[in-house]
Amino acid sequence: MIDATMTKRMEEATRLTRAGKLSEAMALLQGAGDNVKSQQAPKASSQPGNVYESTCQVVDEDFSTVKPTPSSSSYERTRKASAWADKWSSFQGMAQPSPTPGRSEEARPGAFTAGSFSNRAGSRDYKLFLPSSYHGQAMPLVVMLHGCTQNPDDFAAGTNMNQLAEEQSFCVLYPAQPISANSSKCWNWFKAEDQQREGGEPEILAGMARQIIQTQGLDASRVYVAGLSAGGAMATTLAMNYPDLFAAVGVHSGLPHGVAKSLPDALAAMQGGTSTQAGRFSSDVPAIIFHGDRDTTVHLSNAERVAAQYAVTKTKRDINAEQGRVAGGHGYTRTVYHDTLGEARLEQWRIHGAGHAWAGGSAKGSYTDPKGPDATKEMLRFFMQHRQKDAMC
């Protein structure tokens, strides 16, 4: 760990360098270079998609190389000092014990505000939408998990979820996956450490949802989670691990829980490879599943595997299947499974001719297919039919 005295020296040298005061910065660097190597360097992660590997290498450098010498030109001193300053800035951020929280704003009705959450498992930023009609009453909460390369703003625009939240009076939480956790901003559904109840990303996401419920006074019996692709896979992982928190789950173009334990496993599953792991898991959480039958990113067979993890499919008391078509858009097959009490517990939507995109979404966001059917509206209809009998928060 870099001690406080040297940290201040490094920060001051960085400031002086960026201000063009190279002589003063070099004087500080000469002292810093003698001490840096004696400090313990933070361990660099070797996980795929991690940005730590390059930025942390600065601790192994010989800081004497940036000391001014009689033969060094002014340009060369500037280049080396600037390069050092950039590397130090990167290293400083990575050397912290936890990610620096993002900008937080006061949540208010009718606004889409930024926030940050931390617990023992880690930290994540988020965006929160409260409808104009919210004045502290116990509203439902929908947790939306974006897909790879996306972010909360993109996902909100593409799904139109905030627009419907304004119309139907519920709140929406969008956790954000940073590049530091995955280079493509995918939720790490395929890692064993991110598939359990107490630990990893599931614990962060569940903790974040609980905090929002508590601070905003929302209805703990009407909390739902939905996601696209990697977000859909993480959504079903949350349903498997937190059936006491989520009253229903929506999985769009996703994968089953526990089907992969590594990146090679994930790639094989996405292409339709078989796995014996998925059959070990089941949940009683009501689920609605959407998948395009022309999806070349996540094979259609994964939709069946997701459905198989929900207990109602094992009884199949009452199954209704219907064909439909969106005007000017895609055709679809909708299959509804009812439990022994006649309640709809599982819906599967197979969208004919659709690829890897949010059905019925807006072109304002990425990975959307305006040709429908409207997955956002259908998920909300399904969600609002269900609530926790004994909600715990």
| salt bridge (Lys or Arg N to Asp or Glu O under 4.0 Å) between K191 and D194, intermediate numbers included | CA-CA 5 Å; K191 293 183 178 180; D194 293 308; 5.2 Å; no
| message | Is any side-chain heavy atom of S123 closer than 4.5 Å to one of I204? | response | no
| task | Would you please classify the geometry between the W349 ring and the F290 ring as parallel, tilted or perpendicular, with 30° and 60° separating the classes? | result | parallel
| field | Distance-minimising heavy-atom pair for R210 and L245 | value | CG-CD1, 4.1 Å
| message | Under a plain distance cut-off of 3.5 Å, with no hydrogens placed, do S253 and Y367 share a side-chain donor-acceptor pair? | response | no
| query | Just how far is it from atom CD of E378 to atom CZ of F382, taken to the nearest 0.5 Å? | reply | 11.5 Å
| query | To the nearest 0.5 Å, how far apart are CG in D295 and NE2 in H291? | reply | 4.0 Å
| task | Salt-bridge test for R120 and E203: reply yes if a basic N is under 4.0 Å from a carboxylate O, no otherwise. | result | yes
| message | Would E201 and R124 count as a salt bridge (Lys or Arg N to Asp or Glu O under 4.0 Å) here? Give the steps. | response | CA-CA 9 Å; E201 291 176 358; R124 290 296 186 275; 3.3 Å; yes
| field | salt bridge (Lys or Arg N to Asp or Glu O under 4.0 Å) evaluation trace for R387 with D219 | value | CA-CA 10 Å; R387 66 165 63 216; D219 187 348; 3.8 Å; yes
| Do D284 and R345 meet the salt-bridge criterion of a basic N to acidic O distance under 4.0 Å? | no
| message | Whether E193 and K261 form a salt bridge (side-chain N of Lys/Arg under 4.0 Å from carboxylate O of Asp/Glu) is what I want to check. | response | no
| Once you round to the nearest 0.5 Å, how far does CG of D369 lie from OG of S362? | 12.0 Å
| Distance from L173 atom CG to L128 atom CG, nearest 0.5 Å? | 6.0 Å
| query | Can you tell if the side chain of V142 reaches within under 4.5 Å of the side chain of L380, non-hydrogen atoms only? | reply | yes
| request: Any chance you could measure E304, atom CD, to R350, atom CZ, to the nearest 0.5 Å? | output: 8.0 Å
| Test item: K377 and L164 side chains (from C-beta on) under 4.5 Å apart, heavy atoms | yes
| query | Would the number of heavy atoms belonging to other residues, nucleotides or ligands and lying under 6.0 Å from CZ of R294 be above 12? | reply | no
| task | Evaluate the ring pair (Phe, Tyr, Trp, His ring centres under 6.0 Å) criterion for residues H146 and W187: first the C-alpha distance (whole Å), next the side-chain angles of each, then the deciding distance (0.1 Å), finally the verdict. | result | CA-CA 8 Å; H146 63 73; W187 297 101; 5.5 Å; yes
| field | Salt-bridge present (D125, K185; N to O < 4.0 Å) | value | no
| query | Where do P152 and P175 come nearest, in terms of heavy atoms and distance? | reply | CG-O, 3.9 Å
| query | L205 versus L145: any side-chain heavy-atom pair under 4.5 Å? | reply | yes
| Looking at side-chain heavy atoms only, is the closest gap between Q216 and C171 below 4.5 Å? | no
| remark: Looking only at heavy atoms, the pair that brings L130 and A107 closest together is CD1-CB, 3.8 Å
| In terms of the angle between their ring planes, are Y174 and F112 parallel, tilted or perpendicular, with boundaries placed at 30° and 60°? | perpendicular
| task | For the residue pair M144 and V172, establish whether any side-chain heavy-atom pair is separated by less than 4.5 Å. | result | yes
| request: Drop me the distance from C186's SG to Q150's CD, to the nearest 0.5 angstrom. | output: 10.0 Å
| field | Nearest atoms (heavy-atom pairs only) where L228 meets W358 | value | CB-CE3, 4.0 Å
| task | Would you indicate whether the side-chain heavy atoms of H338 and N320 approach each other to under 4.5 Å? | result | yes
| Least distance between heavy atoms, I288 atom then F383 atom | CG2-CE2, 4.1 Å
| said: Looking at E106, I'd like to know if its CD atom is crowded, meaning that more than 12 non-hydrogen atoms belonging to other residues, nucleotides or ligands lie closer than 6.0 Å. | reply: no
